[in-house]
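Note that the structure is a prediction, hence the values are computed from the model and not measured. Order of appearance sets the numbers: ligands from 1, and atoms from 1 within every ligand. When reading the values below, keep in mind they use all heavy atoms of this one structure, side chains included, and skip hydrogens, waters and symmetry mates.
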Amino acid sequence: MARRTKLTKLTKLAVLPALTLAMALAGCGDGGGETDEGAAGGESNVQLVNEGKLTTCTGLPYKPFQYEEGGDVVGFDVDLVDLVAEDLGVEQEIVDTPFDGIQSGADLNAGKCDLAAAGMTITDVREKNLDFSDPYFEATQALLAKKGSGVTDLASLSGKKLAVQNGTTGFDYAQENAKDVELVNFEDLGLLLTAVETGQVDAGINDNGVLYDWVKEKTDFEVTTEFDTGEEYGIGVKTGNKALLELINKHIAEAKSSGKYDEIYEKWFGKAPESK
Ligand code: ARG
């Protein structure tokens, strides 16, 4: 399972299929019957970019959806995708890559991974560049600030600095709604949180789930408000990869009806889901 796999090894592994694809596109393939794509086991006709494994693109850290613990990648999304990997009879391998390339569809198109599981919101723009599974999680944007800072909403940030994560729906929301606020862009959530913690910025915007998780330990900070963006997470596959998409949807539906979804939810959020 992904929890036992070292990240460093994973990142290197992902280079190979991307290279192979680039060569094929450039017409320098050997033309032989060799292919990097291994058919998955079982009755499924899912084609995998790396033989014998289900390769997942994600942008770490995004706790509790995906993050490193003792060199392993664990989290809610990891457990959900493991259900698909188990059905295919393969291990899940995780490629850590900037979120912007995940949400744009570039990584999937380059054959870097079979799917993207990154607490990624389903949006109309993204739907044009990749295919989304059925929704598996509800989220909304939220504001993180130091307790007592007086930063309670976007208006109170006027003339101040707000940390945003590159390529995210939080970034879009801030661009549209935070007037007279200096946006400071970070490539991943870890860097954004550090900037808030060290006072490099006055606040940070990101999804409610990850921010509430962070303030559990960082008790000097709080989630000061939520913005009603009504988001839903979906797992992404390359446009047209119907076989894999159907398998993912099957497991999302099965997990919801069997109680497995609730079990995974409680494991990572410490309570039962209110809705899913
Ligand atoms: N839900 C937000 C979005 O889709 C943020 C996702 C960031 N995910 C990550 N793994 N860094 O834009």
**Report entry** Validation row, ring centre Tyr62 to ring centre Phe99 under 6.0 Å
**Finding:** no
Query raised in the report: With a 6.0 Å cut-off on ring centres, are Phe76 and Tyr261 close enough?
Result: yes
How far is [atom] from its nearest protein heavy atom, and which residue and atom is that?
atom: atom 5 (C) of ligand 1; value: Tyr62 OH, 3.3 Å
atom: atom 10 (N) of ligand 1; value: Gly59 O, 2.9 Å
atom: atom 6 (C) of ligand 1; value: Gly119 O, 3.3 Å
atom: atom 11 (N) of ligand 1; value: Gln165 NE2, 2.9 Å
atom: atom 1 (N) of ligand 1; value: Asp207 OD2, 2.6 Å

Query - Rounded distance (nearest 0.5 Å) linking atom NZ of Lys238 with atom CG of Leu244 - result: 12.0 Å
Query raised in the report: So, is Thr58 polar-close to ligand 1, with some N/O to N/O distance under 3.5 Å?
Result: no
Requested in this report: Examine Phe99 against ligand 1 and note whether any of their N/O atoms are separated by less than 3.5 Å.
Outcome: no
Quick check on contacts: which atoms of ligand 1 are under 4.0 angstrom from a heavy atom of [X]?
X: Met120; value: 4 (O)
X: Gln66; value: 10 (N)
X: Ala118; value: 6 (C), 7 (C), 8 (N), 9 (C), 10 (N)
X: Tyr233; value: 1 (N)

Would you say the side chains of [X] and [Y] form a donor-acceptor pair under 3.5 Å?
X: Thr140; Y: Thr229; value: yes
X: Glu187; Y: Asn166; value: no
X: Ser156; Y: Asp153; value: yes

Query raised in the report: Mind checking who shares a hydrophobic cluster with Val164, ILVMFWY linked at side-chain heavy-atom distances under 4.5 Å?
Result: Leu143, Val151, Leu154, Leu157, Leu162, Phe171, Tyr173, Val181, Leu183, Ile205, Phe227
Report task. Counting heavy atoms only, name the option from Glu231, Gln103, Arg126 that's nearest to atom 4 (O) of ligand 1. Result -> Arg126
Query raised in the report: Any idea which of Asp188, Leu60, Thr169 brings a heavy atom closest to atom 2 (C) of ligand 1?
Result: Thr169
Report task. Applying ring pair (Phe, Tyr, Trp, His ring centres under 6.0 Å), name anything that partners Phe186, two or more places apart in sequence or on another chain. Result -> none
Report task. Report the relative orientation of the aromatic rings in Phe137 and Tyr233; use parallel for angles under 30°, tilted for 30 to 60°, perpendicular for over 60°. Result -> parallel
